[in-house]
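So you know, we letter chains A, B, ... as the sequences are listed, proteins then strands, and number each from 1.
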Number of protein chains: 4
Amino acid sequence: MCASQENSSNSNSESNDANENSVSRPNSPIPAITSAEEILENYGANFKILECNSQVAELLTIIRDKNTTRSDFKFYADRLIRLVIEESLNQLPYSDCSVETPTGAIYEGLKYRSGNCGVSIIRSGEAMEQGLRDCCRSIRIGKILVESDSDTHVARVVYARFPDDIARRQVLLMYPIMSTGNTAVNAVNVLKEHGVPESSIILSNLFCTPIAAKTVVTAFPKLKILTSELHPVAPNHFGQKYFGTD
Amino acid sequence: MCASQENSSNSNSESNDANENSVSRPNSPIPAITSAEEILENYGANFKILECNSQVAELLTIIRDKNTTRSDFKFYADRLIRLVIEESLNQLPYSDCSVETPTGAIYEGLKYRSGNCGVSIIRSGEAMEQGLRDCCRSIRIGKILVESDSDTHVARVVYARFPDDIARRQVLLMYPIMSTGNTAVNAVNVLKEHGVPESSIILSNLFCTPIAAKTVVTAFPKLKILTSELHPVAPNHFGQKYFGTD
Amino acid sequence: MCASQENSSNSNSESNDANENSVSRPNSPIPAITSAEEILENYGANFKILECNSQVAELLTIIRDKNTTRSDFKFYADRLIRLVIEESLNQLPYSDCSVETPTGAIYEGLKYRSGNCGVSIIRSGEAMEQGLRDCCRSIRIGKILVESDSDTHVARVVYARFPDDIARRQVLLMYPIMSTGNTAVNAVNVLKEHGVPESSIILSNLFCTPIAAKTVVTAFPKLKILTSELHPVAPNHFGQKYFGTD
Amino acid sequence: MCASQENSSNSNSESNDANENSVSRPNSPIPAITSAEEILENYGANFKILECNSQVAELLTIIRDKNTTRSDFKFYADRLIRLVIEESLNQLPYSDCSVETPTGAIYEGLKYRSGNCGVSIIRSGEAMEQGLRDCCRSIRIGKILVESDSDTHVARVVYARFPDDIARRQVLLMYPIMSTGNTAVNAVNVLKEHGVPESSIILSNLFCTPIAAKTVVTAFPKLKILTSELHPVAPNHFGQKYFGTD
């Protein structure tokens, strides 16, 4: 349920996302889950999939189900987002530290380095902002809007707001649905133009197609990517259903 | 940081919890983490520890640190609680199911069986109620108050409110700090008296001493237990700091 | 909808709350709203009713409706609770202050005095804790459990946890349903025994009968009371429906 | 604190919002509060200011204070937003209804008509989305991005996403800071182009200058406007401080 082998069916379906084209597989059963070895071999060590336990599988199922109400869709998407954000934060650099407990004992622990921020890709990425805020109180969250010309397919950045010192920060780039990977590639390029090193970016994603995964890891081998499902069909209705708008 | 070998120091410190006595180890470093094999051997297959990744280690560190402000304490405790609740829900029974996606494809997924509820042990267990509600919309949450006679140490149930059909439900019993395990044992006994099978109870816990773990798994071999740290010293200031009261 | 004249029907119905007896009026229409003058005359200046605008009226209607689902019930009860908490906080003492704005201007404003806390009466009062936390970050929240002997009707305090310096604090006492007022009277007495002056207590309530209002204002003329509806019938199913337990 | 007379000082300060120019009044005290009569006379019956009780005054003070931390700023801004959203929802059309209570009584209440939605103006308006969601579960929320040419000052709509049936809905247009009113005017024009009647739009705002108020009510006499403070200086740092970005 959480990862599946690439599949040859490739009839195009309409996408809700300007830069993304999904691959639909009407009524075909989902193939066996790709092994960790295959994922490592195909996408490298920086591409990670959230451990697919039964809770995650249930959340994916509810989000996929066309009969899920909008209210439930948002509730369960938010739960999945929270898990992906937690695991994304887990990729951040940390260092050892010692603290003193109330009873005077020394506790050997960990602390994260400060200087993180979030950047959401408008529009579906904005669905992940609250999950990040719920984990990192008062974290700075920038955003970016990329649109592609409907004729030339050339993407351009329409709007961007970042923390002014973003070049010195670790960046959690949030974008839940990747069908082709083009939008994410454009967004990462903008971050790099603003001086953020590729290795300082973690791309937090919910649903990723094998094509998108290949596109992104090929373009940015040092980028870290975390998703909750690798599957030939991305749920392109995500933003529309989550926000209730076109 | 998340699990440590039992340790011989055993001077008693004052506890905030009527039935719990903590073992303090002033200024002694924390020993090496107990291996998964040792945990399995000592506490059985139903005793599980949340995977101690760097995020979890950081949360544990913040909660342990005596210099953490109350506001931060609550914020980070709530994050740890959420992770423990998610992993506890992961222990619930489920079954396979197929759903149809908006594009007409069939998605092979999972669904949980209905009929779960929560029960919090007053007082510190109540800190975990919101985390459960944030995962399970409108789940029924009962509660139980156990107090022990200060002379005889005999525990008695002062107050209990449960869903009326609790005997037919899976029960998430919430109690964050276990120093001796006595309070949890009393609460499980009350649930059993109300007809809940031992195997239908999942005890969600944050901090557990080896003594408490041994006590509870010995008393109830079919009970499932999930904790985030097995450590000789439980942070007995938890409830006081979380709620800001005696 | 938000306040109504006292009504002569007084057949007793079963109550879910040990110390409260409700007055049921099967199928009788609700009488006209009591005027502000009548309320002042009957209950004094310290008894206040939340302004009954159309939002509040809608929330009251949803909570009253027996066909409301548990999920909706909790959602809309939480909204009403938030409004009552905000208005209760509005009763706290404050002082004038001047602050400097980012452009260097002086802004003449207000600030509240520090040293507030919450106390919830178990069990229904606990439904109001989250609303208070959402308004006052990391506020200390104590709790109290009062039970009455089923034969003698003598009430006794079974359990109480307060901030240690509660005598010097303003106290928001939370209890949503008052049918007879006995439970609230007992709780206020306990606070007074702990040294809290009557005038430092604000009783936050959602539904209050005229009998309960009279009982409480007579017992404690200096206590401040805020409710959202004065009505002969209190929705005694509140706690049961909110928490989903007996 | 919540409303003040227009003031003659008008030196321009830099604004964070493309279409808004603020009027700064370094170190000048704030003049007396404008009376309800003056507001009605100057801005008409559709322009409303949230009742300025002491809670609201405190929230305004914290938001104005340049020494407020980002974490506190967001927390208290969210509280003010919630109050403004509640009062905005209060402007929606409703009708009488009767419901049956659990004891069989008839309760005469109110219900709102369905078919509402939210639209936030990027970027600061997005700060109000969560407050709306917390009041209206799974409400549809569209958004709009307006930018003005830095040379010609001609505004254009860069991005817009609405519910497809927005013309038949009541629309809560969210934009917290109005210095000139230009951005809001552009956004309302876009909504009207999408078929939304002026009288179906409620503009939810936190801080409004007299100039902006005049501009908007003159352009759209049937539009309903709700703000929490009418003041010659709008806190133009709002979006920057709330989101932590440029």
Take D:Ser71 and C:Arg137 through the test side chain to side chain contact (heavy atoms under 4.5 Å, CB included) and record every step on the way to the result.
CA-CA 11 Å; D:Ser71 174; C:Arg137 188 144 64 168; 3.0 Å; yes

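- In this structure, C:Lys241 places its NZ atom where more than 12 heavy-atom neighbours from other residues, nucleotides or ligands lie under 6.0 Å away.
- The pair C:Asp134-D:Arg82 does not count as a salt bridge, with every side-chain nitrogen at least 4.0 angstrom from each carboxylate oxygen.
- Taking each heavy atom of D:Pro102 and C:Arg64 in turn, the nearest pair found is CD-O, 3.4 Å.
- Heavy atoms closer than 4.5 Å to chain D are found in both the backbone and the side chain of C:Tyr112.
- In this structure, C:Tyr76 and D:Cys135 approach most closely via the heavy-atom pair CE2-O, 4.5 Å.
- Counting non-hydrogen atoms of other residues, nucleotides and ligands closer than 6.0 Å to NZ of C:Lys74 gives a total above 12.
- Atoms OG and CG, on D:Ser98 and C:Asp65 in that order, are 10.5 Å from each other to the nearest 0.5 Å.
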CA sep, side-chain torsions, deciding dist, call: C:Thr61, D:Tyr107, side chain to side chain contact (heavy atoms under 4.5 Å, CB included):
CA-CA 7 Å; C:Thr61 305; D:Tyr107 183 87; 3.8 Å; yes

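- In D:Lys111, the NZ atom is not crowded: 12 or fewer heavy atoms of neighbouring residues, nucleotides or ligands sit closer than 6.0 Å.
- For the options D:Leu92, D:Asp72, D:Asp78, heavy-atom pairs under 4.5 Å to chain C are most numerous at D:Asp72.
- The line from CG of C:Leu110 to OG of D:Ser54 is 6.5 Å long, rounded to the nearest 0.5 Å.
- Here OG of C:Ser138 is found 8.0 Å from CZ of D:Phe75. Values are rounded to the nearest 0.5 Å.
- Under 3.5 Å, the side chains of C:Gln55 and D:Tyr94 contain no donor-acceptor pair of N or O atoms.
- Under the 4.0 Å criterion applied to side-chain N and carboxylate O atoms, C:Glu86 and D:Arg79 are assigned as salt-bridge partners.
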Could you walk me through whether C:Thr101 and D:His237 pass the side chain to side chain contact (heavy atoms under 4.5 Å, CB included) check?
CA-CA 10 Å; C:Thr101 72; D:His237 66 306; over 6 Å; no

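- Looking at D:Glu87, only its side chain comes within 4.5 Å of chain C, counting heavy atoms on both sides.
- There is no contact between D:Ile62 and chain C, counting heavy-atom distances below 4.5 Å.
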